[in-house]
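Data block below; observations after.
In what follows, chains carry the letters A, B, and so on, assigned in the order in which the sequence lines appear, proteins first and then strands, with residues in each chain numbered from 1. Just so it is clear, the structure is predicted and the values come from calculations on it, not from any experiment.
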2 protein chains.
Amino acid sequence: MEDLIKLSVKTKPSEAGEYPVVIGSGILSNQLLARFAAGRRNFIVTDENVHSAGLDSAFQQEAGFFVISPAGEKSKNITTVIEIVEAMEASGMGRDSVITGLGGGTVGDMAGFAAAIFKRGVPVLHIPTTTVAQADSSIGGKTGVDSSISKNAFGAFHHPAAVIIDTHTLKTLPEREYFSGLAESVKHAMIMDSDYFGFLEASISELREREDDVLSQLAEKNCKIKAKIVEEDPCEKNQRRILNYGHTIGHAVETLSGYKLLHGECVSIGIIAAGLIEIELGSGSKKRVEKTENLLKELSLPVRIPEYISTEQILSLIKHDKKAVDGWPRFALIEDIGKALTKGGQWAHPVDAEIVESAVNKLKQKP
Amino acid sequence: MEDLIKLSVKTKPSEAGEYPVVIGSGILSNQLLARFAAGRRNFIVTDENVHSAGLDSAFQQEAGFFVISPAGEKSKNITTVIEIVEAMEASGMGRDSVITGLGGGTVGDMAGFAAAIFKRGVPVLHIPTTTVAQADSSIGGKTGVDSSISKNAFGAFHHPAAVIIDTHTLKTLPEREYFSGLAESVKHAMIMDSDYFGFLEASISELREREDDVLSQLAEKNCKIKAKIVEEDPCEKNQRRILNYGHTIGHAVETLSGYKLLHGECVSIGIIAAGLIEIELGSGSKKRVEKTENLLKELSLPVRIPEYISTEQILSLIKHDKKAVDGWPRFALIEDIGKALTKGGQWAHPVDAEIVESAVNKLKQKP
């Protein structure tokens, strides 16, 4: 066999890089965008919600535009990405263009993936306009869109050239969506930073009022935590799994609610589920779960599983979790607020089905 | 502005790597493929020509399959890639799969691009089955498919995990397609290796007979030349442009023939056009053009532009060449057989329109 190998082709490593995260209030302008576009022609991808809220008005005159309709998960598929690419071609964009994703997580996913595959790749700028996207999805380089069969069947890792966060974009966000995204902030605090947890507890009224200064601090803390984790583990081989805290049960509840519950709302429920599992495993405490519940409730987030979802449905669904090993998921857990649980270098852990079942049962909303 | 940049996110460099090129005759087997699949489940992408020729029979039993129909450029689009990905999902393939592209350049393009974007990327193995794919397209990591508007609107750089060349796959190739691909071998010799040019001149009858030993040597020489160039310049910033030798005029003739002429046939014509341009610029000679023409003719390749294509049409089209700068292409040229022309570190050169026009006029077939 070895004598059949006639040569080896060497592939060069990519260079190490970095991208800036800009945070401010009322900062969006053509001038700011031009700076990060670095001479490239800009093509802005946004959605009808952002467009209705007028958040794209600062950019209208100097760029190509694509407004995704309807906004949200329903459009997050390969068909929309094809429409984006063909709209770019129709408006004469080439390899010298840059795509700017202006919107929530689904806009970022579509803009990022379009940038990854347009003419073998152009840069992408992210301007996240939701609490969840500002906290979480704009950093890390993961992009993905759905096929007609499954979620994120298509995707690529494609780091942005810059992330621009303007807290003013949160002002027009519907109440439920605004609070939903704050669940990711609570998650970040719990896995990495107990001072941040205290900051959240102390800032409830400012958060409810959407005060710029607190929102800027929030964005900065979230981005630093997310950045630290993805820098260590860009391709989700290990440490990055801790970002899945609260998501295993959360994803199942989200699916079983028929997406009537928002992602962050389900993460909130999942965080409490993780807390109950931690109690069973000895790394948690009733007091910690209560403390967490209080914070989540103050942020208008649900902490119980709706009665119309059964324990059996949840257990059945998490067997198909995409991160499952041998038909059962690994759980991201914490040792204490601000400190992830690691064992033997692992950041996600096997948990007996009985323990999961018991935690889910306790979380079932009483009818 | 600087004070708005609150943090920078670091991105890790990818690691340097290498992939093997396996060359032999009658070597295709499940066992060979399994070795390079490295435990991953294999999904084979091929086309109806390859399937009709029975070249996939060695693999039928142990893998998922997708047969592209019709074969060729018509199917090289994003719609086919979606069909491939959804077929993979339907047959239960996940992140632990590998795609094998078994076929010519268009199969490799589609298999490679599908692998680049399926679940954020899985490995790809290339088994090129045409002279052009064995010489050229299976090495280098470029993938791309067409939108409804333009060629290669979608694409990615995605290096294969291995390239497996079996000269037996060339036995069933239609005559014109077989010889057409040899134009890329002549191109490689001209830009990089005068001994190889001599080898081609001395092997005409073996090449016409498709003798395994000569075809294996050909594959090895081609891959070594292509590898050396793409190793230096993976993203086509400079040196890789020399691979465009004969392609600027060639592409225009290919388009204007309505794709009645095959790619390699047009490259053959383009190589002679480059030779005539070189004479005008002082780096060529009539004798060299004659020598080149003789070799191409012995390989059943055309060396004149068909009469139904006008000089004006060609000049107009090359202004839109994708590598054009300010509306006029740069030309890859040689100093002598085996030696590319470089000036001031550049591998592609501006040439006056009059010189190009004169070369094209000389190449017009007399009615």
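Not a single side chain to side chain donor-acceptor pair (under 3.5 Å) links B/Ser137 to another residue, sequence neighbours left out. Applying the side chain to side chain donor-acceptor pair (under 3.5 Å) criterion to B/His159, with sequence neighbours excluded, gives no partner residue.
Using a 4.5 Å cut-off between heavy atoms, A/Ile139 contacts chain B through its side chain alone, with no backbone atom that close. For a residue to count as touching a neighbouring chain, one of its non-hydrogen atoms must lie under 4.5 Å from one of that chain's; by this rule B/Ala219 does not touch chain A. Of the two parts of A/Ala162, neither the backbone nor the side chain holds a non-hydrogen atom closer than 4.5 Å to a non-hydrogen atom of chain B. In this structure, chain B has a heavy atom under 4.5 Å from the backbone of A/Glu15, while its side chain stays farther away. Neither the backbone nor the side chain of A/Ile164 has a heavy atom closer than 4.5 Å to any heavy atom of chain B.
Interatomic distance, CZ of A/Phe154 versus CD1 of B/Ile82, reported as 5.0 Å (0.5 Å rounding). With rounding to the nearest 0.5 Å, the separation of CG in A/Leu7 from NZ in B/Lys224 is 6.0 Å. Expressed to the nearest 0.5 Å, how far CD of A/Glu86 lies from OG of B/Ser150 amounts to 8.5 Å. One distance of note links CZ of A/Phe118 with CG of B/Asn152; it measures 11.5 Å at 0.5 Å rounding.
Closest of all the heavy-atom pairs between A/Pro13 and B/Ser14 is CB-O, 2.9 Å. When all heavy atoms are compared, the tightest approach of B/Phe36 to A/Ile5 is CZ-CD1, 4.5 Å. Considering all non-hydrogen atoms of both residues, A/Ser8 and B/Pro20 come closest at OG-CA, 4.1 Å. Across A/Arg120 and B/Thr143, no two heavy atoms sit closer than the pair NE-O, 2.8 Å. Nearest approach of A/Glu231 to B/Lys10, heavy atoms of both residues: OE2-N, 2.7 Å. Here the closest heavy-atom approach between residue B/Val9 and residue A/Ala227 is recorded as CG2-CB, 3.8 Å.
For chain B, the option among A/Gly121, A/Ala116, A/Ala153 with the highest count of heavy-atom pairs below 4.5 Å is A/Ala153. Each of B/Val163, B/Val81, B/Ile165, B/Val85 has some count of heavy-atom pairs under 4.5 Å with chain A, and the biggest count is that of B/Val85. In terms of non-hydrogen atom pairs under 4.5 Å with chain A, the most contact-rich of B/Pro160, B/Gly24, B/Ala16 is B/Ala16. The choice from B/Ile78, B/Val230, B/Thr11 that makes the most heavy-atom pairs within less than 4.5 Å of chain A is B/Thr11.
Side-chain contact between B/Ser148 and A/Glu89 is absent, with no heavy-atom pair separated by less than 4.5 Å. Between B/Cys223 and A/Lys6 there is no side-chain heavy-atom pair separated by less than 4.5 Å.
In this structure, the side chain of B/Lys12 engages the main chain of A/Glu232 through a donor-acceptor pair within 3.5 Å.
Summarising the local packing, NZ of B/Lys151 is surrounded by more than 12 heavy atoms from other residues, nucleotides or ligands at distances under 6.0 Å.
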